[in-house]
Each structure stands twice: as C-alpha cells, then as structure tokens.
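Below: one structure, written as structure tokens.
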Number of protein chains: 2
Amino acid sequence: MMGGVSAKRPIDGGSPRRPGNAFLLAQIGAHAAACFSQRVAELDVTPAQAGLLRLVGREPGQSQQAIAAKLGIPPSRLVLLVDSLEDRDWIERRRNPHDRRHYALYLTDLGTRFLGQQLGPVATAHNDEICAGLDEAERVQLQEFLERIAAHQGLVPGVHPGYRHSSEPT
Amino acid sequence: MMGGVSAKRPIDGGSPRRPGNAFLLAQIGAHAAACFSQRVAELDVTPAQAGLLRLVGREPGQSQQAIAAKLGIPPSRLVLLVDSLEDRDWIERRRNPHDRRHYALYLTDLGTRFLGQQLGPVATAHNDEICAGLDEAERVQLQEFLERIAAHQGLVPGVHPGYRHSSEPT
DNA sequence: TATTGTTATACTCTATAACTATA
DNA sequence: TATAGTTATAGAGTATAACAATA
C-alpha cells in the first residue's frame with residue numbers, strides 16, 4: 001500500500017454536513033418502497049404485481065408491448081408478471097380480433113374488487129404512515145413540491161423506475 | 001378461467017386518482033438514486049462504494065462489523081465493498097492492537113482528496129439537478145419536511161436502506 | 001466457546017436472445 | 001420480412017452458511 005494515511009479526526013469529505021434534499025428523497029423513497037413492500041406482502045402480492053394491477057385498472061385494454069414500454073421493462077419480464085396476476089384471476093388476456101398477435105389486458109371482476117377493497121385501503125394506510133408527522137396543510141404543500149420536481153424531471157405520473165440497478169448505502 | 005370480466009372503462013381501483021405523497025417519494029427517490037448512480041459511474045464508482053467512502057470519512061475508525069450493522073447489510077457483503085475501495089487506495093484496514101480480530105477503517109490521503117475534490121462536487125451537482133424547479137426558500141421548506149418525515153420514520157441521518165428487494169412499477 | 005473477518009455456495013432477479021404465431 | 005408474445009439461457013447481485021484466526 002502506498003499513499004499515506006490521514007483522518008485521525010472525522011472528515012466531512014466535501015458533501016454537506018447534513019444530507020441534502022436529493023439524498024433525503026432517495027433515503028425516504030427507499031424506505032417508503034420497503035414499507036409498501038411489507039404491507040402488500042400480507043396480501044401475498046409483490047410491489048411489481050400491485051403496480052401492474054393498478055396500471056391495468058387505470059388504463060385497461062393496452063397491449064403487453066405498450067405496457068412494457070411504459071414501465072421501461074423488457075416484454076419478456078412482463079410476461080411472468082401478467083402470468084402471476086392471471087393465475088390469481090385478477091386480470092385477463094383478451095385476443096385482439098383485428099390483429100391476433102396482440103393481447104389486451106383487462107381487470108376481471110375479482111381483480112377490480114381486490115384492487116378497490118384490498119389494495120386501495122393498504123395504499124391509503126401506507127400513505128398516511130409515511131406522512132405521519134406532517135399536518136394536512138403541510139402534506140398539501142409537500143405534494144405540490146414533489147409534483148413540481150417530478151414534472152421537472154420528466155417523470156410519468158403513475159410510473160416509477162424501480163428497476164435500475166442502484167443499491168446505495170449511506 | 002372463472003370470474004367474469006368488467007372494466008370496459010378506466011377504473012380508479014381504490015387508489016387516489018393522483019399519486020399520493022408516499023408514491024411520489026418512492027418514484028422521485030428511485031429516480032434520484034438512478035441519476036446519482038449515473039453520475040458517479042463517470043468516476044468509475046458505484047453508489048454503494050460512494051456511500052461507504054462517505055461513511056468512513058464521516059466516522060473513521062469503525063470496525064467492519066459496526067459498519068455492516070449500521071448499513072443493515074451482512075458483513076460478508078461489506079468485505080468485497082471494502083476490498084474494492086482498498087484496491088483503489090482510498091481506504092485502509094488497520095489492525096486494532098488491543099484486539100487483533102478487529103480492523104478499523106480509515107481514509108487514505110488519496111481517498112480524502114477523492115472524496116473532497118471529486119465525489120463532493122458531483123453530489124452537489126446532483127442535488128441541484130434534483131431540486132431544479134424549486135427556489136431557495138422552497139428547498140429549505142422541502143428539506144424541513146423531509147427531515148421531519150425521516151425522523152418520524154426512525155431513519156438514521158446518513159444511512160439509507162438501498163438494499164431491500166423491492167422493484168415496484170406504476 | 002464466542003467473535004471478527006473471510007471465503008464458498010446457492011439463490012433470486014433480471015436482461016438477452018432464440019423461438020412461435022400471426023401479419 | 002416484421003411484430004407480439006413466449007421461452008430458455010446466462011449473468012449480476014445478494015444472502016446464507018461454512019471457515020480461519022483471535023480472544
């Protein structure tokens with residue numbers, strides 16, 4: 001080993017003493033995602049499944065290609081996700097009569113009920129848990145800030161890239 | 001397949017029409033982490049390496065066990081991370097003379113310089129990029145909200161759990 | 001015997017690319 | 001030939017558990 005050693009005392013290292021907004025957002029965002037994951041696990045659902053279910057409910061009738069593009073994932077990955085929801089009888093693949101290569105995805109009645117009666121309340125409770133510590137006015141204010149940031153970053157309203165390989169401590 | 005089909009029209013599905021704060025935090029957080037990952041990649045560094053480097057700079061002299069516990073990762077994973085930083089001559093393992101089982105981690109001079117002159121500016125630029133769209137007063141206000149949330153959620157100031165298996169679309 | 005750090009192994013998740021069918 | 005969906009394979013990243021050294 002070459003290069004001497006320093007730092008008998010704590011060193012700041014160029015980064016601000018207290019974490020900035022970007023770091024806090026990443027930290028809290030990861031925490032929120034982990035909490036949500038734990039909550040939906042009690043319904044035997046993964047976050048990815050929950051997200052797809054919500055997307056199909058919000059914009060039914062789309063092809064798998066369109067959905068995969070919207071989520072920024074390869075179509076091959078979507079297949080297994082769709083399979084898992086179809087196995088539970090929550091969504092349904094319907095052939096497009098005009099072009100039999102396409103499938104169009106729709107919620108089943110069961111899926112609609114699950115989304116509205118099971119997943120919805122869990123998402124609401126999750127949101128409340130994360131916002132604990134902020135009063136109503138502050139939550140509105142925070143939402144405005146976050147929406148502005150999201151718009152500035154070009155993020156699509158209902159979709160987030162929980163797919164990139166990050167993993168980032170401290 | 002049993003269970004009829006519904007949803008000829010878009011369906012809200014119990015979740016709020018516009019994403020709530022928790023969803024926005026997760027979405028923006030993942031985006032911020034991805035941006036940071038891209039930025040530090042230009043320095044040939046992973047987010048995990050950057051985080052460890054900052055942690056060692058902030059609290060030098062800790063054992064690997066202590067750091068692993070703080071980051072919430074298994075010690076075996078930390079070994080490779082420490083190896084990669086030691087290979088670059090940025091940090092150093094020093095034997096504890098009183099208990100030769102322990103190592104204590106310190107920055108080298110080179111690591112101190114890299115942290116201050118390379119990584120620091122990148123982190124600052126990253127923070128500015130994420131906060132684009134908010135003026136100075138709003139950034140301060142946002143930071144206050146985020147710090148309050150982090151405290152309420154019991155998050156340790158410098159450490160975030162970018163380790164759980166989430167992956168969550170929509 | 002307990003603890004620190006390390007190595008070895010196995011498992012999960014994901015993307016890439018080959019394959020089938022429709023057009 | 002091109003496109004939608006599927007299947008198969010391989011790679012990265014991670015945790016679990018066995019191991020060696022020190023106490």
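Numbers restart at 1 for each chain; the letters A, B, ... are given by sequence-line order, proteins then strands.
Taking atom CG on B:Asp83 and atom C1' on C:dT7, their separation rounds to 11 Å, with Å as the unit. Between the C1' atom of D:dA4 and the CD atom of A:Gln62 lies a distance of 15 Å, rounded to the nearest Å. Between the CD atom of A:Gln64 and the P atom of C:dT22 there is a distance of 15 Å, rounded to whole Å. One can place CD1 of A:Ile73 at 14 Å from C1' of D:dT6, the figure rounded to the nearest angstrom. Here D:dT14 presents its C1' atom at 14 Å from CG of B:Leu78, a figure rounded to the nearest Å. Taking atom CD of residue A:Gln65 and atom C1' of nucleotide D:dT6, one finds them 11 Å apart after rounding to whole Å. Taking atom CZ of A:Arg94 as the reference point, atom P of D:dG5 lies 15 Å away to the nearest angstrom. Separating the OH atom of A:Tyr103 from the P atom of C:dA21 is a distance of 12 Å, rounded to the nearest angstrom.
The minimum heavy-atom distance between A:Ala104 and A:Gly61, with the atom names listed, is CB-O, 3.5 Å. For the residue pair A:Val156 and B:Gln27, the shortest heavy atom distance occurs at O-NE2, 2.7 Å. Listed here is the closest heavy atom pair of A:Leu110 and A:Asp89: CB-O, 3.5 Å.
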How does protein contact run along nucleotides 17-23 of chain D, one letter per nucleotide 5' to 3', with B for base contact, S for sugar-phosphate only, - for none, heavy atoms under 4.0 Å? B----BS
For residues 64-73 of chain A, dump all side-chain donor-acceptor pairs below 3.5 Å to protein atoms at least two apart in sequence or in another chain.
from: A:Gln64; atom 1: OE1; to: A:Arg93; atom 2: NE; distance (Å): 2.9
from: A:Lys70; atom 1: NZ; to: A:Glu59; atom 2: OE1; distance (Å): 2.7
from: A:Lys70; atom 1: NZ; to: A:Gln62; atom 2: OE1; distance (Å): 3.0

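Judged by closest nucleotide on DNA chain C, B:His102 is the one of B:Leu80 and B:His102 placed further toward the 5' end.
Evaluation of the side chain to side chain contact (heavy atoms under 4.5 Å, CB included) rule for B:Glu138 yields A:Phe145, A:Arg148, B:Leu134, B:Asp135 as partners, not counting sequence neighbours. Scored by the side chain to side chain donor-acceptor pair (under 3.5 Å) test, A:Gln141 finds no partners at all (sequence neighbours excluded).
Hydrophobic clustering, with ILVMFWY side chains joined whenever heavy atoms are under 4.5 angstrom apart, groups A:Val56 together with A:Leu43.
For residues 42-98 of chain B, the pairs satisfying ring-ring contact (aromatic ring centres under 6.0 Å, His included) are B:Trp90-B:Phe114, with sequence neighbours left out.
Listed nucleotides: C:dT16, D:dA15, D:dG5. Nearest to the side chain of A:Pro74: C:dT16.
Where the helix from C:dT1-D:dA23 to C:dA23-D:dT1 starts and where it ends, the local axes point in directions that differ by 20°; five pairs per end, rounded to 10°.
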Using the rule given for side chain to side chain donor-acceptor pair (under 3.5 Å), can you reason through B:Tyr103 versus B:Arg95, listing the C-alpha separation, both sets of side-chain angles and the distance that settles it, and then say yes or no? CA-CA 5 Å; B:Tyr103 279 119; B:Arg95 283 270 182 211; 3.2 Å; yes
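At D:dG5, none of the side-chain N or O atoms of A:Arg77 fall inside 4.0 Å of OP1 or OP2 (strictly under the cut-off).
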